[in-house]
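One structure is given here, and the rest of the page talks about it.
Note that the structure is predicted; figures quoted are calculated from it, not measured.
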Amino acid sequence: MLTAFARAFKTPDLRKKLLFTLGIIVVYRVGTHIPIPGVDYKNVQTCIDAAEANQGLFGLVNMFSGGALLQITVFALGIMPYITASIILQLLTVVIPRLEALKKEGQAGTAKITQYTRYLTVALAILQGTGLVATARSGALFQGCPVASEIVPDQSIFVTITMVITMTAGTAVVMWLGELITDRGVGNGMSILMFISIAATFPSALWAIKEQGTLADGWIEFGTVMLVGFVMVGLVVFVEQAQRRIPVQYAKRMIGRRSYGGTSTYIPLKVNQAGVIPVIFASSLLYIPALVAQFSSGTSGWKTWIESTLVRGDHPIYVTLYFLLIVFFAFFYVAISFNPEEVADNMKKYGGFIPGIRAGRPTAEYLSYVLNRITWPGSLYLGLIALVPTMALVGFGANQNFPFGGTSILIIVGVGLETVKQIESQLQQRNYEGFLR
């Protein structure tokens, strides 16, 4: 990997792309530290330093914003509205025939769906920004902090609207920066910004574990977490790269004196076909009842039950629901993203077949059978990886934002592998020395 980066900086046009990407990353990180108007930044820092933040409820959004959510900065919402909008459009493509037709139109249809995604991102940013401002004004963003209700001193309508507009504009800028990286930089822009947001929280989270430790001034806990992290990265890399290759043979065709076809290839079915989306779905679904309970007044029985079970990440009911939802959404997302019947029809159209399997319906049934078989270990792996922060919380009292676990490690490893592959592929296009040796 280091050799690939060293060779990339020796190539002028690729070096320009890498430097452009690094420049956009710097702009993005600066924006995560600029507070929005109407917020008392001193009181915010007081609550954060007191370590009283209710990160069990806002942990996912705060992680995707690189810690900017709890600091209520310009990029407080981060990339989360765009991720949510992309997932919603992807699901609606299966349900709404008009979107499905646009997807089949090629580049023009994809551009139209991207435009819809941008509009939905802005709408979700307005909704989430309003919710964040309301939470900050009520003092519920930092539970237990004595100055939590004084974070927004002026609670007039003008100041509230200004705060929402600022955060919505920040989300639009983040979306624009991500598209700039995709067009002129290296890798997928949104994935790179997501990677940077998560990686930015690692140093502080690791140092907090060291500071909270009791064995040898916390160095034993720190070393244990680092060791667990390296093991988990190796496990995630192994599973993310694992795939079942279904062999496909194409029949020969004689046109005149020449024969065409007769090639053999394969269909790669990944063990973790759904990626990190089931974890995001499950977290978002469990986030809704906790958010409803937080904004409801009074001390009713259902509110007390939700706060005692679904807000705390170490409760057995929460852990069980979280695990089962991840497994369910893994199968659900694979079912809507990979259509065995469509793949079988395309193979039959171009004269392809799986050795030993008849073309058409038997091929679709075979692909569906294999996909279900490999989705089981993939979904169980996702559920176990997502529960690592909970095990750390129960095991040695680490906070819920345990760095090496769940969504964070899956995204960091996945984006890192994909970016390195893109750099190596661009190097191969410009340097043929390796093929001549």
Kindly indicate whether the side chain of [X], heavy atoms from C-beta on, has any atom under 4.5 Å from the side chain of [Y].
| X | Y | value |
| --- | --- | --- |
| Met194 | Ile83 | yes |
| Met190 | Thr182 | no |
| Ile385 | Leu235 | yes |
| Val327 | Trp376 | yes |
| Leu18 | Ile423 | yes |

Check your understanding: Do any pairs count as a side-chain hydrogen bond (donor to acceptor under 3.5 Å, both in side chains) and have a residue in residues 225-237, sequence neighbours left out, and if so which ones?
Key ->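 Of all non-adjacent pairs touching residues 225-237, none passes side-chain hydrogen bond (donor to acceptor under 3.5 Å, both in side chains).
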Check your understanding: Restricting to pairs with a member in residues 112-124, which pass side-chain hydrogen bond (donor to acceptor under 3.5 Å, both in side chains), not counting sequence neighbours?
Key ->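 Every pair satisfying side-chain hydrogen bond (donor to acceptor under 3.5 Å, both in side chains) with a residue in residues 112-124: Gln115-Tyr119, Arg118-Glu179.
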Not counting sequence neighbours, which residues clear side chain to side chain donor-acceptor pair (under 3.5 Å) with [X]? List them please.
| X | result |
| --- | --- |
| Thr320 | none |
| Arg15 | none |
| Ser368 | none |
| Asn372 | none |

Which atom of [X] lies closest to which atom of [Y], heavy atoms considered:
| X | Y | answer |
| --- | --- | --- |
| Pro37 | Met163 | O-CG, 3.1 Å |
| Ala330 | Ala274 | O-CB, 4.1 Å |
| Phe195 | Val415 | CB-CG1, 3.8 Å |
| Ile326 | Ser379 | CG2-O, 4.3 Å |
| Thr171 | Gly78 | CG2-O, 4.1 Å |
| Gln128 | Leu77 | CB-CD2, 4.1 Å |

Point to revise | Any residue meeting ring-ring contact (aromatic ring centres under 6.0 Å, His included) with Tyr333, in chain and number order, not counting sequence neighbours | key: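 Counting only residues at least two positions away or on another chain, Tyr333 forms no ring-ring contact (aromatic ring centres under 6.0 Å, His included).
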Check your understanding: Considering residues at least two apart in sequence or located in another chain, which fulfil the ring-ring contact (aromatic ring centres under 6.0 Å, His included) criterion with Tyr381?
Key ->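 Applying ring-ring contact (aromatic ring centres under 6.0 Å, His included) to Tyr381 gives none.
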Practice item. Calculate, to the nearest 0.5 Å, the distance between atoms CD1 and CD1 belonging to Ile196 and Ile25 respectively. Key: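 CD1 of Ile25 is found 4.0 Å from CD1 of Ile196.
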Exercise for review: For a side chain to side chain contact (heavy atoms under 4.5 Å, CB included) with Val279, tell me which candidate from Ile411, Leu382, Leu325 qualifies.
Suggested key: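 Testing each of Ile411, Leu382, Leu325 against Val279, the sole residue satisfying side chain to side chain contact (heavy atoms under 4.5 Å, CB included) is Leu382.
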Holding to side chain to side chain contact (heavy atoms under 4.5 Å, CB included), I want the full list of residues that pass it with [X], two or more places apart in sequence or in another chain.
| X | result |
| --- | --- |
| Phe238 | none |
| Val164 | Ile126, Thr130, Val133, Thr168 |
| Val74 | Ile34, Ile36, Thr166 |
| Gln273 | Lys270, Val334, Phe338 |

Check your understanding: Should the pair Phe329 and Phe332 be assigned to parallel (<30°), tilted (30 to 60°) or perpendicular (>60°) ring geometry?
Key ->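 Geometry flag for Phe332 against Phe329: perpendicular rings.
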Practice item. Measure up the Phe75 and Tyr28 rings against each other and bin them: parallel (under 30°), tilted (30 to 60°), perpendicular (over 60°). Key: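 The rings of Phe75 and Tyr28 lie parallel, inter-plane angle below 30°.
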Review point. Near Glu105 CD, under 6.0 Å, is it more than 12 heavy atoms from other residues, nucleotides or ligands?
Key: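 Result for CD/Glu105: enclosed.
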